[in-house]
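Here the structure is a predicted model, which means the values were calculated and not measured.
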Amino acid sequence: MMTADVLSFWPPKPDVSRAVAPGIRHLLAPNASSWTYEGTNSYVIASGDSAVLIDPGCEVPSHHEALRRAGREGRRTVTAVLLTHDHPDHSDGARTLAASLDVPIIGMSPRFADEFLSDGQVLRIGELDVHVVHTPGHSDDSICLWMPQQGTLLTGDTLLGARSSGVMGTLSELLGSLEWLRKLVGDREVLALPGHGPAFTDVVESATRVIDVRMKRIDEVRGHIADGVTTLEGLTRLLYPNHSGSKVVFAVSTVVSTVTYLLEQQGVRGIPDPVQRAAVAADVDRYEQQLAERMRAHKKEVDAEVDREENRV
């Protein structure tokens, strides 16, 4: 593993291809924000005469050109664009990039995948065996890519080392996925390449840290509900009093995932008071209905814009 330079040098300049492990190159997407830290990590896995491009992350032409150049180095053929999950900061640009290469998008996203991957599937890229590991929690379609021969794990947004990511899937699944990664890695020496931020080697410790933080948050939410705070708005204000702007969305999603986890549990592990449980469940239902309505409205806007563009043509 190329750990020395990889672990000591961060952040690199966007669109600059650099080797981070045997057969793997990293390019930082130029989409830095409060959500993406310094930007999304795009990767190229290349071996023999083939390559796969991972998580383009933006619609910036210079980034696409840098990815194509890295994938085609040594006259290799790019065979696919792979998404570790379909959140916009990873999937933006995927269709454009795939179309420019005339290759499919592969992954577990119902919205994007032309070819669906399955848990445990092994992708053969040249001489490399890349194992697909379904790790739902951050999103329903999240996957990690495990290369046991060289001890390299691409973690997507399931695990970001010392940094944190939201729960847009379910918290119970995320905790299960993190536990599975701990077992998968065990006592091996592993280089983890995340969807955001620098590479790290303390996979087991990082997963344990996230689990501990989430369990502490679960206990806090359970305590506030027991004290009579049964609305998502009230819980968010108590847990994230200093959040504003776009960070409120992150805070609410974390609270919703934690409350949903508690509603899945029985007895003292969940919300034992039936009145409080019913009140919390009703508020979660209202939130989900409002979210679904916003998603429908957004889809109508997107469809209308597509229709306008087609009419212009």
Side-chain angles (χ1 to χ4, degrees), residues 1-14 16-29 36-48 50-57 66-67 70-71 73 82-85 90 107 117 119-135 137-138 142-165 174 177-211:
M1 292 187 298
M2 299 179 171
T3 57
D5 290 342
V6 173
L7 297 175
S8 62
F9 179 65
W10 185 264
K13 292 182 179 179
V16 176
S17 172
R18 64 190 186 117
V20 290
I24 304 176
R25 302 192 73 84
H26 167 267
L27 298 90
L28 182 65
T36 62
Y37 298 102
E38 297 87 358
T40 300
N41 291 329
S42 299
Y43 296 98
V44 177
I45 299 180
S47 176
S50 61
V52 171
L53 311 183
I54 299 169
D55 290 352
L67 281 168
E73 185 178 349
L82 186 151
L83 295 180
T84 61
H85 61 295
H90 292 254
L117 301 177
D119 184 44
Q121 182 176 345
V122 180
L123 301 175
R124 184 73 173 174
I125 304 174
E127 299 302 313
L128 291 176
D129 286 338
V130 181
H131 298 247
V132 177
V133 184
H134 187 205
T135 53
H138 175 70
S142 285
I143 61 175
C144 293
L145 301 174
W146 170 231
M147 284 153 277
Q149 308 102 307
Q150 62 192 60
T152 306
L153 178 69
L154 274 69
T155 62
D157 283 4
T158 298
L159 188 62
L160 301 181
R163 303 185 177 194
S164 61
S165 61
L174 177 63
S177 292
L178 293 171
E179 182 59 41
W180 174 240
L181 288 182
R182 290 201 299 190
K183 292 178 180 177
L184 179 71
V185 170
D187 58 0
R188 292 184 180 95
E189 181 183 356
V190 169
L191 176 66
L193 302 172
H196 302 277
F200 58 99
T201 56
D202 60 337
V203 175
V204 172
E205 292 83 356
S206 292
T208 300
R209 188 162 53 243
V210 174
I211 291 171

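A side-chain donor from one of Thr135 and Thr158 sits under 3.5 Å from a side-chain acceptor of the other. Side-chain contact check for His26 and Asn41: at least one donor-acceptor pair (N or O, by modelled atom type) lies under 3.5 Å. The closest side-chain donor-acceptor pair between Thr40 and Asp55, if any, does not fall under 3.5 angstrom.
With rounding to the nearest 0.5 angstrom, the SG atom of Cys144 is 10.5 Å from the NE2 atom of His85. One finds the CG atom of Asp157 at 11.5 Å from the CZ atom of Arg163 (value rounded to the nearest 0.5 Å). Taking CE from Met147 and CG from Leu154, the interatomic distance works out to 5.0 Å, rounded to the nearest 0.5 Å. Going from atom CD1 of Ile54 over to atom OG1 of Thr84 covers 8.0 Å, rounded to the nearest 0.5 Å. For the atom pair Glu73 CD and Ser17 OG, the distance stands at 6.5 Å (nearest 0.5 Å). The distance from atom CG of Leu178 to atom OG of Ser206, rounded to the nearest 0.5 Å, is 10.0 Å.
Put simply, the residue from Asp129, Leu82, Ile45, Val52 that forms a side chain to side chain contact (heavy atoms under 4.5 Å, CB included) with Leu123 is Leu82.
Listed here is the closest heavy atom pair of Ala51 and Gly71: CB-O, 3.4 Å. The two atoms that bring Ala46 and Leu128 nearest to each other are O-CD1, 4.3 Å, heavy atoms only.
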**Prompt:** Going through the distances and angles, do Trp146 and Leu184 end up as a side-chain contact (heavy atoms from CB on, under 4.5 Å)?
**Reply:** CA-CA 9 Å; Trp146 170 231; Leu184 179 71; 3.8 Å; yes

